[in-house]
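So the structure is just underneath, and the comments pick up after that.
Positions are given from 1 along the sequence. These figures come from a predicted structure and were not determined experimentally.
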Amino acid sequence: MAESGHSQPSMYIPGRSRRRRWMDQGPSGNLNLSEPPRERDPMLRDRDQDRWDGNEENSGYTMQKTPIILAKPAAERPKPPPTPAPAAPEKPIVLMKAREEGKPAPAAEGATLPPSASTAKLEKEGQRPTQPVYQIQNRGMGAAANASGNVDPVVGQAKLMPPQKMKHSIKLVDEYMNWCDSAIEYLLDQTDVLVVGVLGFQGTGKSTMMSLLSANSPDDDQRSYVFRMQSQEVRERAGNQTSGIDFFISQERIIYLDTQPILSPAILDHLINNDRKLPPEYNLPHTYVEMQSLQIAAFLFTVCHVVIVVQDWFTDFSIYRFLQTAEMLKPSTPSPSHESSGSSGADEGIEYYPHIVFLQNKAKREDFCPRTLKQMHTVTDKLMMHSRLRYKGTLSMLDCNIFPGLPYDFLESEVNLFLVPMMENETDETISRAGSGGNPLFSLLPGYKGHPNFHTMISKLRSQIMSMSRPQLSHTILTEKNWFHYAARIWDGVKKSSALSEYSRLLG
């Protein structure tokens, strides 16, 4: 085939018929037919033909063109935008200690601050923190914290222990009317506290009632009561057991204040027979005894939420006269501002008065008669109608289901009056059963009393006392320890009260 001048046959490629014919005809122009034709690679021949025809996109075997990049000179190029600074990390929560605990040493001059310190300084100058800053204070642990702020685990565990439980009462005011500071050891820094005081004549059962309300049960041995009762020897010589003011705080964080008897003949007899020297501002022993009682009552009216007035018979009118006199001599509630004057102390808006509960101890069966009960409420209401003490509306025997047959509106003028029967024992109950007739069936049944038993009445009284409202004693909310300091200041003010001194002078 080379000798005939024809091209070497190649493979048939679709779409190449036109080029095939051109190759057969040859390009226009003069050809040198004398020379033998040169063999050519078919693939190169097809590539040249495509370039000649200008059909480069149909060529699958063409080389890629060198790309041309159009760029401006470096001087004419626009400056790239500045790279934004990385966002500052979000400020973490800072746990700070109190100032006095773990203070870091001051930095030396020329020292470089760490990045965290510089960031905190910038935020302090102008930037607002993105998250709140919490401060944790170790109250009472400053001495146990070392330089790094760590607290001794032994001390920390001691702080988490429950408060010390009192087993018996201690003195808040001694028999010489001096303040005692030993009670502060049992108090906490919490505001949910109720203060209950008691007033009453000698031998009415004040200490017994306060012991049963606070920590003891009627079944306990009376010698283990938190407030000491009258011993047999003291009872035989008509003496008094409590002197001054005794303090006890229960596990429910209720403060109980037991007081010496008001207008006590035993204290007067002790002053006369022992030739005790009276303070210079008192001339007569009975004046001193009465002023002591008024000081204690005025103190309780200022620092207590509830004051229980115990009686063992209904009723002695002198106790109502005494209560109204103590109300008159009661120190005014401290004003929020230090510029308190006499006019501000007389303002009705800031005066505080406690709840008064009349407790009828050793009540008899006839005292629980509905008609007698209604008369007792009426008489008490008429005697206290001019008082500003809260003597009604906070305690009710009808709400305790003691009188299930009486309607709630049976008592037209219901006051805070509660009846407690005599404390019985198993021997008395056995005698009442044995003497209930000759029929042995009746001896198995309890004797008729006309009222619930002593245990039930004490339980209902305790629930009523604990559920009473706890208004603010001063213009600020007091914790237990704050109450102690507030009470100490009130007691000092009562002893130096000009109103009480003037009243003592009028008594002679």
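Atom CZ of Arg470 has more than 12 neighbouring heavy atoms from other residues, nucleotides or ligands inside a 6.0 Å radius. Atom CZ of Arg237 sits in a crowded spot, with more than 12 heavy atoms from other residues, nucleotides or ligands closer than 6.0 Å. Residue Lys495 places its NZ atom among more than 12 non-hydrogen atoms of other residues, nucleotides or ligands, all under 6.0 Å distant. Dense packing is recorded around CG of Leu506, with more than 12 heavy atoms of other residues, nucleotides or ligands lying under 6.0 Å away. Enclosure of atom CD in Glu366 by more than 12 non-hydrogen atoms of other residues, nucleotides or ligands within 6.0 angstrom is indicated.
The backbone N or O of Gly205 lies less than 3.5 Å from no partner atom in the side chain of Lys362, so there is not a single donor-acceptor pair. In this structure, Gln190 contributes its side chain and Asp192 its backbone to a donor-acceptor pair below 3.5 Å. Ser387 places no side-chain N or O within 3.5 Å of a backbone atom of Met384 that could act as its donor or acceptor partner. Listed for the Lys330 side chain is a donor-acceptor partner under 3.5 Å among the backbone atoms of Tyr352. A donor-acceptor contact shorter than 3.5 Å is absent between the side chain of Arg505 and the backbone of Tyr282. No donor-acceptor distance shorter than 3.5 angstrom exists from the side chain of Asn361 to the backbone of Gln311, with no hydrogens or angles considered. Checking side-chain atoms of Ser264 against main-chain N and O of Pro261 turns up no donor-acceptor pair under 3.5 Å. The backbone N or O of Asp220 sits nowhere less than 3.5 Å from a side-chain atom of Ser217 that would complete a donor-acceptor pair. Using a distance-only test at 3.5 Å, with no hydrogens or angles considered, no donor-acceptor pair links the side chain of Thr242 to the main chain of Thr259. Although no hydrogens or angles enter the test, the distance criterion places a donor-acceptor pair under 3.5 Å between the side chain of Asn274 and the main chain of His270.
Rounding to the nearest 0.5 angstrom, the gap separating the CG atom in Leu383 from the CD1 atom in Ile319 is 11.5 Å. Taking CD of Gln464 as the reference point, atom OG1 of Thr394 lies at 8.5 Å (rounded to 0.5 Å). For the atom pair CD (Glu351) and OH (Tyr353), the distance works out to 4.5 Å, reported to the nearest 0.5 Å. Atoms CG and CD, from Leu500 and Gln295 in turn, are 6.0 Å apart once rounded to the nearest 0.5 Å. To the nearest 0.5 Å, atom CD of residue Gln230 and atom OG of residue Ser207 are 8.0 Å apart. Distance check: Leu389 CG to Asn416 CG gives 11.0 Å after rounding to the nearest 0.5 Å.
Under 3.5 Å, the side chains of Glu233 and Ser231 contain no donor-acceptor pair of N or O atoms. Inspection of the Asp381 and Thr378 side chains reveals no N or O donor paired with an N or O acceptor under 3.5 Å. Judged purely by distance below 3.5 Å, without hydrogens or angles, the side chains of Thr456 and His451 never pair a donor atom with an acceptor atom. Side-chain atoms of Glu414 and Ser396 include a donor-acceptor pair closer than 3.5 Å.
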Would you check, one step at a time, whether the test side-chain contact (heavy atoms from CB on, under 4.5 Å) holds for Leu461 with Leu213? CA-CA 8 Å; Leu461 175 62; Leu213 290 176; 4.0 Å; yes
Intermediate values then yes/no, side-chain contact (heavy atoms from CB on, under 4.5 Å), Phe301 and Val307: CA-CA 7 Å; Phe301 287 169; Val307 177; 4.1 Å; yes
Please walk me through it: do Ile356 and Arg390 pass side-chain contact (heavy atoms from CB on, under 4.5 Å)? CA-CA 6 Å; Ile356 300 296; Arg390 303 179 184 181; over 6 Å; no
Test side chain to side chain donor-acceptor pair (under 3.5 Å) on Asp221 and Ser224; report intermediate values, then the result. CA-CA 6 Å; Asp221 187 2; Ser224 65; 5.5 Å; no
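The pair Arg388-Glu327 does not count as a salt bridge, with every side-chain nitrogen at least 4.0 angstrom from each carboxylate oxygen. By the 4.0 Å N-to-carboxylate-O rule, Asp246 lies too far from Arg228 to be salt-bridged with it.
Between Phe227 and Phe248, the ring-plane angle classifies as perpendicular under the 30° and 60° cut-offs. Relative ring orientation between Trp179 and Phe299 is described as perpendicular, the plane-to-plane angle rising above 60° on a 0-90° scale split at 30° and 60°.
Proximity of Ser504 to Glu281: side-chain heavy atoms (C-beta onward) are nowhere separated by under 4.5 Å. Within the 4.5 Å cutoff, the side chain of Phe454 has heavy atoms near those of the Leu212 side chain. Proximity of Leu257 to Val198: side-chain heavy atoms (C-beta onward) are nowhere separated by under 4.5 Å. When side chains are defined from C-beta on, Ile402 counts as touching Met457, because their heavy atoms get closer than 4.5 Å. Put simply, the side chain of Ile296 reaches to within 4.5 Å of the side chain of Ile245, judged on heavy atoms. Looking at heavy atoms from C-beta onward, Met376 lies in side-chain contact with Leu419 at the 4.5 angstrom threshold. Taking the side chain as every heavy atom from C-beta outward, Gln241 and Arg235 never approach each other to under 4.5 Å. For the pair Ile465 and Val196, the minimum side-chain heavy-atom distance is below 4.5 Å.
Scanning both residues, Ile262 and Ser293, for their nearest heavy atoms gives CA-OG, 3.4 Å. Nearest heavy atom pair, residue Pro471 against residue His355, reads CD-NE2, 4.3 Å. Across all their heavy atoms, Leu373 and Met397 have their closest contact at CD1-SD, 4.4 Å. Heavy atoms only, all atoms of each residue included: Phe314 and Gln360 are closest at N-NE2, 3.2 Å. Minimum interatomic distance between Ala183 and Ile170 (heavy atoms only, all atoms of both residues): CA-CD1, 3.5 Å. Residue Phe368 comes nearest to Gly450 through the heavy atom pair CB-O, 3.9 Å, listed as atom of the first residue, atom of the second, then distance.
In this structure, Lys171 fails the cation-pi test against Phe247, since its NZ or CZ atom is not both closer than 6.0 Å to the six-membered ring centre and inside 45 degrees of the ring normal.
Evaluated for a side chain to side chain contact (heavy atoms under 4.5 Å, CB included) with Trp483, the options Val193, Thr191, Val195 yield exactly one hit, Val195.
Proximity of the aromatic rings of Tyr391 and Tyr320 is defined here by a centroid distance below 6.0 angstrom, and this criterion is not met.
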